[in-house]
Amino acid sequence: MLQDKFGRRFHYLRLSITDVCNFSCEYCLPDGYQCDTDRDFLSLIEIKRIASAFAKLGTSKIRITGGEPSLRKDLPEAIRACANTPGIKQVAITTNGYKLPDHIDSWVEAGLTQMNVSIDSLDPRMFASITGHDKLDVILRGIDRAIELGVTVKVNAVLMRHFNQHELSSFLQWIKTTSITLRFIELMQTGDNQLFFNKNHASGLPIKEQLISEGWQQIIRDKTAGPAQEFSHPDFKGRIGLIMPYSKDFCASCNRLRISALGKLHLCLFSEQGLDIREYITDDDTQRLQEELTTLLGDKKSTHFLHDGYTGATKHLAMLGG
Ligand code: SAM
Ligand code: SF4
């Protein structure tokens with residue numbers, strides 16, 4: 001099992017397969033996806049080799065992300081490649097949900113077990129103004145189908161002072177009867193969004209306090225569970241999660257490594273350029289990759305430096321997958 005000098009163990013890989021996106025979320029790609037050069041994204045064979053190499057190093061869960069991963073036509077094959085890899089027990093995706101109703105059946109058939117969908121507002125007009133697309137009803141329909149198919153669904157909502165901060169009660173109403181985990185994510189600063197961040201960052205702590213005062217109980221999670229805090233309530237089918245990257249000890253439970261769509265391994269969402277692993281996955285021999293990773297993990301810092309406004313090379317999270 002891959003481990004760093006702080007005793008953190010890395011059994012979870014976030015694998016980006018494209019940085020292209022069709023949405024223009026205010027905090028991520030407000031002007032839409034821009035790129036004027038050709039991009040050589042990981043091929044299916046490279047995805048297979050990465051899954052197999054990381055499984056041999058103790059990875060049991062792979063999340064496919066982007067950009068928007070569903071824009072790749074071979075997404076079902078990518079899911080299948082991960083799901084068929086011995087040692088990989090869970091295959092998840094993170095998606096904006098745009099293609100859900102038409103494609104969720106094929107993703108599940110390929111081996112998808114878990115899905116995170118981003119919905120920052122349950123008000124269709126607000127949703128459209130945040131993302132640039134009037135697609136909330138389509139996405140909600142797709143989520144219903146995913147639940148029917150037995151997929152574990154989490155919904156991510158980025159907290160933004162001037163957009164959705166007043167929407168807690170409508171989200172709560174939704175999860176009264178819907179068995180999803182709704183996770184509020186504190187807005188993070190990236191290289192490109194400083195002004196937006198300064199205007200809109202809001203702490204998740206007031207939500208935590210409100211939940212506790214209304215009888216929600218914090219769930220004691222497994223040591224390997226990662227940095228989200230989760231809450232349940234006997235009157236609600238769904239759960240609430242809080243992801244507060246600016247809170248103390250957030251990085252202590254880090255359990256994930258990231259690979260960009262261009263094949264760079266990142267130890268942190270906010271690290272510098274990353275290690276190009278393509279040269280280590282030209283065949284099925286994982287020895288060199290294992291040695292490189294072990295050396296690299298010796299350098300993993302105990303925490304990010306977001307509190308000091310340091311965002312590394314990450315211009316926006318579409319580059320690496322969030
Ligand atoms: N396109 C997919 C989606 O939106 O779900 C996957 C990629 S997106 C970069 C992954 C997650 O990162 C989404 O839930 C998104 O809301 C979140 N995200 C993007 N930029 C963020 C930021 N600056 N702060 C916090 N979360 C962010
Ligand atoms: Fe696209 Fe996801 Fe970024 Fe929104 S958050 S612009 S859907 S990559």
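Both ligands and their constituent atoms are indexed starting at 1 by order of listing.
- Remark: the Tyr12 side chain and the Arg14 side chain contain an N/O donor-acceptor pair separated by less than 3.5 Å.
- Residues Gln194 and Asp192 bring no donor and acceptor atom of their side chains to less than 3.5 Å of each other.
- Checked against a 3.5 angstrom limit, the closest N/O atoms of Tyr27 and ligand 1 fall inside it.
- Aromatic ring orientation, Tyr246 versus Phe197: tilted (interplanar angle from 30° to 60°).
- Of the N and O atoms on the side chains of Asn200 and Arg161, not one donor lies less than 3.5 Å from an acceptor on the other residue.
- Residues Ser16 and Arg258 bring no donor and acceptor atom of their side chains to less than 3.5 Å of each other.
- For ligand 1, the atoms sitting less than 4.0 Å from at least one non-hydrogen atom of Val158 are 16 (O), 26 (N), 27 (C), numbered in the order shown with element in parentheses.
- The existence of a salt bridge linking Glu148 and Arg145 is confirmed by a sub-4.0 Å separation between a basic side-chain nitrogen and an acidic carboxylate oxygen.
- Per-residue contacts place Thr95 under 4.0 angstrom from the following atoms of ligand 1 (heavy atoms of the residue considered): 2 (C), 3 (C), 5 (O).
- Taking any N or O of Met188, backbone or side chain, at least one lies under 3.5 Å from an N or O belonging to ligand 1.
- Within the structure, ligand 1 lacks Gln189 among the residues with a heavy atom less than 4.0 angstrom away.
- With no hydrogens or angles considered, no side-chain donor-acceptor pair links Lys56 and Gln290 at under 3.5 Å.
- Short contacts between ligand 1 and Leu317, defined as distances under 4.0 Å to a heavy atom of the residue, involve ligand atoms 9 (C), 18 (N), 19 (C), 20 (N), 21 (C), 22 (C), 27 (C).
- Under a 4.0 Å heavy-atom criterion, Gly67 is in contact with ligand 1.
- Only the side chain of Asn156 comes within 4.0 Å of ligand 1, judged by heavy-atom distances.
- With no hydrogens or angles considered, no side-chain donor-acceptor pair links Ser60 and Gln90 at under 3.5 Å.
- The residue His316 has no part lying near ligand 1, judged by heavy-atom distances below 4.0 Å.
- Short contacts between ligand 1 and Asn96, defined as distances under 4.0 Å to a heavy atom of the residue, involve ligand atoms 2 (C), 3 (C), 5 (O).
- The shortest N or O to N or O distance between Thr65 and ligand 1 is not under 3.5 Å.
- Those atoms of ligand 1 with a heavy atom of Glu186 less than 4.0 angstrom away are 25 (C).
- Between Glu167 and Ser121, the side chains place a donor N or O and an acceptor N or O closer than 3.5 Å (distance only, hydrogens not considered).
- For Trp216, the ring pair (Phe, Tyr, Trp, His ring centres under 6.0 Å) partners at least two apart in sequence or on another chain are His233, Phe236.
- Distances shorter than 2.8 Å separate atom 3 (Fe) of ligand 2 from the protein N/O/S atoms Cys28 SG.
- Nearest non-hydrogen protein atom to atom 8 (S) of ligand 1 is Gly321 O, 4.3 Å.
- At the top of the distance list for atom 12 (O) of ligand 1, counting protein heavy atoms only, stands Gly322 CA, 4.0 Å.
- Ligand 1 places these atoms under 4.0 Å from at least one heavy atom of Gly66: 7 (C).
- If you number the atoms of ligand 1 from 1 as listed, the ones under 4.0 Å from a heavy atom of Asn193 come out as 23 (N).
- Counting only N and O atoms by type, the side chains of Asn22 and Asn96 include a donor and acceptor under 3.5 Å apart.
- Here's the thing with Thr190: none of its N/O atoms is less than 3.5 angstrom from an N/O atom of ligand 1.
- Taking atom 14 (O) of ligand 1 as the reference point, the nearest protein heavy-atom neighbour is Ser118 OG, 2.8 Å.
- Note on Ile139: it clusters hydrophobically with Phe184, by side-chain heavy-atom contacts below 4.5 Å among ILVMFWY residues.
- Under the 4.5 Å side-chain contact rule for hydrophobic residues, Ile259 and Leu75 share a cluster.
- Ion pairing of Asp19 with Arg39 is present here, as a side-chain N (NZ or NE/NH1/NH2) and a carboxylate O approach within less than 4.0 Å.
- Heavy atoms of Thr94 found under 4.0 angstrom from ligand 1 belong to the backbone as well as the side chain.
- Taking the six-membered ring where tryptophan is involved, the planes of Phe163 and Phe196 are tilted, since the angle between them lies from 30° to 60°.
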